[in-house]
Amino acid sequence: QLQLVDSGGGSVQQGGSLTLSCAVSGGYLDYVVIGWFRQAPGKDGVKEREVVSCISGSDGTTYNGDSRFTISKANAKNAVNLQLNSLKPGDTAVYYCAAAKSRNVQGVCDNALRFSFWGQGTQVTVSS
């Protein structure tokens with residue numbers, strides 16, 4: 001059973017940066033797609049989570065919803081990082097990492113319901 005722990009959130013001013021980390025245990029990155037999603041205030045449930053970025057643990061292929069954000073693997077740590085740059089108040093949300101049992105980002109990353117394993121979420125707050 002995969003377990004994911006996400007961390008690295010915090011409060012920053014507009015234009016600032018944060019690095020989120022998703023530590024994966026109970027399995028290897030090679031066999032999953034790791035996605036980062038966010039859920040804005042007032043929205044509830046997995047269906048309301050918006051994809052931010054995804055990466056294939058197998059071949060490193062990425063799916064990126066925003067050019068300000070960069071996803072990468074930290075293989076030695078069995079983890080995936082998400083670098084958030086040029087943050088805006090509209091980026092304020094709870095950010096979740098998730099894993100889908102697939103080796104390909106295509107056809108997976110655009111739907112949170114395709115992800116079976118979730119971290120607990122980490123809050124990102126951007127002030128103007």
Side-chain angles (χ1 to χ4, degrees):
Q1 180 88 352
L2 284 176
Q3 292 186 325
L4 284 69
V5 177
D6 38 38
S7 61
S11 296
V12 296
Q13 291 193 323
Q14 183 170 337
S17 298
L18 285 171
T19 300
L20 308 184
S21 182
C22 178
V24 180
S25 61
Y28 293 102
L29 287 179
D30 291 358
Y31 303 105
V32 296
V33 166
I34 298 293
W36 280 98
F37 294 80
R38 66 186 184 186
Q39 192 152 20
K43 297 197 173 183
D44 195 21
V46 173
K47 286 178 64 175
E48 297 295 333
R49 294 177 184 177
E50 172 191 13
V51 63
V52 176
S53 191
C54 281
I55 189 166
S56 165
S58 174
D59 62 11
T61 305
T62 60
Y63 171 93
N64 221 27
D66 194 316
S67 61
R68 296 176 294 136
F69 306 154
T70 303
I71 193 169
S72 62
K73 292 193 297 177
N75 287 332
K77 298 182 180 180
N78 212 44
V80 171
N81 295 329
L82 181 69
Q83 177 71 34
L84 306 174
N85 294 323
S86 302
L87 284 163
K88 307 173 183 177
D91 296 318
T92 294
V94 178
Y95 285 70
Y96 297 89
C97 68
K101 288 188 175 179
S102 172
R103 294 196 179 196
N104 300 309
V105 298
Q106 189 172 6
V108 173
C109 292
D110 60 348
N111 188 342
L113 295 177
R114 295 193 174 96
F115 289 75
S116 303
F117 305 94
W118 291 85
Q120 79 283 3
T122 185
Q123 176 72 45
V124 171
T125 303
V126 185
S127 57
S128 59

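Note that the coordinates shown come from a computational prediction; the quantities given were computed from them, not determined experimentally. For reference, positions follow the sequence shown, starting with 1.
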Shared ILVMFWY cluster between [X] and [Y], side chains joined below 4.5 angstrom?
X	Y	answer
Leu4	Ile55	yes
Val94	Ile34	no
Phe69	Val124	yes
Val52	Val80	yes
Leu82	Leu29	yes

Which donor-acceptor pairs under 3.5 Å do side chains of residues 102-111 form with protein atoms, sequence neighbours excluded?
residue : atom : partner : partner atom : Å
Ser102  : OG   : Asn104  : N            : 3.1
Ser102  : OG   : Asn104  : O            : 3.1
Asp110  : OD1  : Arg114  : NH1          : 3.0
Asn111  : OD1  : Leu113  : N            : 2.9

Name each donor-acceptor pair under 3.5 Å that joins a side chain in residues 38-46 to protein atoms two or more places apart or in another chain, with its distance.
residue : atom : partner : partner atom : Å
Arg38   : NE   : Glu50   : OE1          : 3.0
Arg38   : NH1  : Asp91   : OD1          : 2.9
Arg38   : NH1  : Tyr95   : OH           : 3.0
Gln39   : OE1  : Arg49   : NE           : 2.8
Gln39   : NE2  : Lys43   : O            : 3.3
Gln39   : NE2  : Gly45   : O            : 2.8

Hits for side-chain hydrogen bond (donor to acceptor under 3.5 Å, both in side chains) against Thr61, two or more places apart or cross-chain, chain-then-number order -> Asp59
Would you mind writing out the side-chain donor-acceptor pairs for residues 8-24 within the sub-3.5 Å range, not counting sequence neighbours?
residue : atom : partner : partner atom : Å
Ser17   : OG   : Asn85   : OD1          : 3.0
Thr19   : OG1  : Gln83   : OE1          : 2.5
Ser21   : OG   : Asn81   : OD1          : 3.2

I need the Trp36 CH2 to Asp66 CG distance, nearest 0.5 Å.
15.5 Å
Should side-chain heavy atoms under 4.5 Å link Ile, Leu, Val, Met, Phe, Trp and Tyr, which residues sit in the same cluster as Tyr28?
Tyr31
Name all residues meeting the ring-ring contact (aromatic ring centres under 6.0 Å, His included) criterion together with Phe37; count only those two or more places apart in sequence or in a different chain, and write none if there are none.
Phe115, Trp118
Summary of salt bridge (Lys or Arg N to Asp or Glu O under 4.0 Å) pairs that have at least one residue in residues 76-89, sequence neighbours excluded:
none
Applying salt bridge (Lys or Arg N to Asp or Glu O under 4.0 Å), which residue pairs with at least one partner in residues 21-32 are found, sequence neighbours left out?
none
Is a side-chain donor or acceptor of Thr62 paired with a backbone partner of Asn64 at a separation under 3.5 angstrom?
no
Nearest atoms (heavy-atom pairs only) where [X] meets [Y]:
X	Y	result
Gly27	Asn78	O-ND2, 2.9 Å
Ala99	Val32	CB-CB, 4.4 Å
Pro89	Ser127	CG-C, 4.4 Å
Asp6	Gln120	O-NE2, 2.8 Å

